[in-house]
**Q** 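A single structure is presented below for examination.
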2 protein chains.
Amino acid sequence: MIKKQYSTEQRIVDAARSVFVERGFAAARMKEIAGKAGLNQALLHYYFKNKDLLFERVFQDAVRTFFPLIISILESDKGIEEKMTDLVHTYVDFLKANPHVPGFLIHEVTQNPNRLTKFLRTEALPVPVKLIRQYQDGVAAGKYIPIDPIQLIVSVIAMCVFPFVARPMIQTVFGLDNGAFESFIENRKDQITHFIINGMYR
Amino acid sequence: MIKKQYSTEQRIVDAARSVFVERGFAAARMKEIAGKAGLNQALLHYYFKNKDLLFERVFQDAVRTFFPLIISILESDKGIEEKMTDLVHTYVDFLKANPHVPGFLIHEVTQNPNRLTKFLRTEALPVPVKLIRQYQDGVAAGKYIPIDPIQLIVSVIAMCVFPFVARPMIQTVFGLDNGAFESFIENRKDQITHFIINGMYR
DNA sequence: TTTATATTTAATTGTTTGGTTAAACTTTAT
DNA sequence: ATAAAGTTTAACCAAACAATTAAATATAAA
């Protein structure tokens, strides 16, 4: 019974993720989610009392995958260059496997910031103090340009995430079909790594 | 009569922009737009046959402000460094005045890419060939690092736009109140300019 | 002044949606 | 075998929504 319960609930959550991530909360339809999960709406409501509770589950799962990966890379014991390289490569590969998640999170947090605030009250995200200290030490030693390490982190994440978030726009404006866009992303990993590391050095 | 017609239609469009940009197409309500414009729903439909037509108008106006500014800066006759500085400063200032527009466009293009495709069929966007050539010449002369100038353009735009698009997320994760976020953006202009120009040079 | 256009109010319409209900059936656990 | 939990079907509900209608009034143009 435990096995069966897991399977039905997980089927619902997987279907819901698919629909919510594609359409967003407001445009997603419970009827569609039920259909995708291969069950009826009554059962959907047996497991999740309402749309908002189901959404919360999907949202929380998405946040749990999106942020901790960044933090663990930034907080490793390696040197900055290696961490930046790791971050770009690992993160872009993660985004390739989950291309719609950042856009989904950004939009839904914008629509309802309380969702993230509430989540972080129970599962706080550590500030990447190691990376920050490493960078500040490098600035003091005259090795890196004097910018705020938080700005650097935001910039690196921006450069990784933005092409996924704005994918249709970039494809349309620059006339890239799907194959060309995938090459663009694959090439991008080394190119922005080079640009970032080069940019940090004085 | 012309004066009056402009005023009512423009009032509707302004109200619609406000609501669509904040809530997105799916969650925006015609009733709310009518209320914000200070008129009734029948009049709303007298001027715009349906929700989609009204949205198209707002969308097109937004696209018309978002992209051409980038292109005009990238295609000026100035040197690359000056153009990058101009782009960051001008663009961030534009975004400060219209903070929700990029997020709105990105989300709505993702939900319905045809809107942008259709728009660009009638109002094509030039590719910034001058900037591209300038960068490629610099690479050939051994002055800049060998990356694709399109990647550079995407990165610069990413660094300008992302903090606005992901503002609530960044504020929440880094614990910035509104004042601190505004300082962050103001500081960011010079910091990313420095980072970008430094990053380009070999 | 007359005609055309713009505007309003209040009510209505048809559809969609999230959610509920009841009863029957199936599966699982004891 | 019985009881509990899971699942289904079909119908229903109330609310919300975009859009419409009819009639009256106000404003602008000819």
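A note on names: the letters A, B, ... follow the listed sequences, proteins ahead of strands, and every chain is numbered from 1.
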**Q** Starting from P on C/dT7, measure out to CD on B/Q41 and report it in whole angstrom.
**A** 16 Å
**Q** Rounded to the nearest angstrom, tell me the gap between atom CE in A/M30 and atom P in C/dG19.
**A** 5 Å
**Q** Show the nearest heavy-atom pair for residues A/K51 and A/A26, with the distance to one decimal.
**A** NZ-O, 4.1 Å
**Q** Please say whether the positively charged group of B/K143, taken as NZ for Lys or CZ for Arg, lies over the ring of B/Y201, i.e. under 6.0 angstrom from the six-membered ring centre and within 45 degrees of the axis.
**A** no
**Q** By nearest atom, which of the nucleotides D/dT9, D/dT20, D/dT7 is closest to the B/H45 side chain?
**A** D/dT20
**Q** Heavy-atom nearest nucleotide on DNA chain C for A/A42 versus A/A28: which residue maps closer to 5'?
**A** A/A28
**Q** Are B/R17 and B/N98 close enough that a side-chain donor and a side-chain acceptor fall under 3.5 Å?
**A** no
**Q** Whole angstrom is fine here: how far is it from CG in B/L44 over to P in D/dT21?
**A** 16 Å
**Q** Do any of residues 31-40 of chain B sit with a heavy atom less than 4.0 Å from DNA chain C, and if so which?
**A** B/L39, B/N40
**Q** Taking atom P of C/dG18 as reference, at what distance in whole Å does atom CG of A/L53 sit?
**A** 14 Å
**Q** B/N50 CG to D/dT20 P: how many Å, rounded?
**A** 8 Å
**Q** Quick one: do the B/N112 and B/E108 side chains pair a donor with an acceptor below 3.5 Å?
**A** no
**Q** Just N and O in the side chain of B/Y47: are any of them under 4.0 Å from OP1 or OP2 of C/dT7?
**A** yes
**Q** Would you verify whether the NZ or CZ of A/R167 falls within 45 degrees of the ring axis of A/F184 while also being under 6.0 Å from that six-membered ring's centre?
**A** no
**Q** Tell me which nucleotide among D/dA16, D/dA19, C/dT7 gets nearest to the side chain of B/R29.
**A** D/dA16
**Q** When you look at A/R188 and B/S155, which way does the side chain to side chain contact (heavy atoms under 4.5 Å, CB included) test go after all the steps?
**A** CA-CA 10 Å; A/R188 189 167 177 78; B/S155 292; 2.8 Å; yes
**Q** What's the closest nucleotide to the side chain of A/K51 if the choices are C/dG18, D/dT9, C/dT7?
**A** C/dG18
**Q** Just compare C/dA10, D/dT8, D/dT7 and give me whichever is closest to any side-chain atom of A/T8.
**A** D/dT7
**Q** What integer distance in Å separates A/L43:CG from D/dT8:P?
**A** 5 Å
**Q** Classify B/A26 by what it touches in the nucleic acid, base, sugar-phosphate, or nothing, heavy-atom distance under 4.0 Å.
**A** nothing
**Q** Nearest whole angstrom, please: distance from the C1' of D/dT9 to the OH of A/Y46.
**A** 17 Å
**Q** Report the distance from atom CG of A/L125 to atom CZ of A/F119, rounding to the nearest 0.5 Å.
**A** 7.0 Å
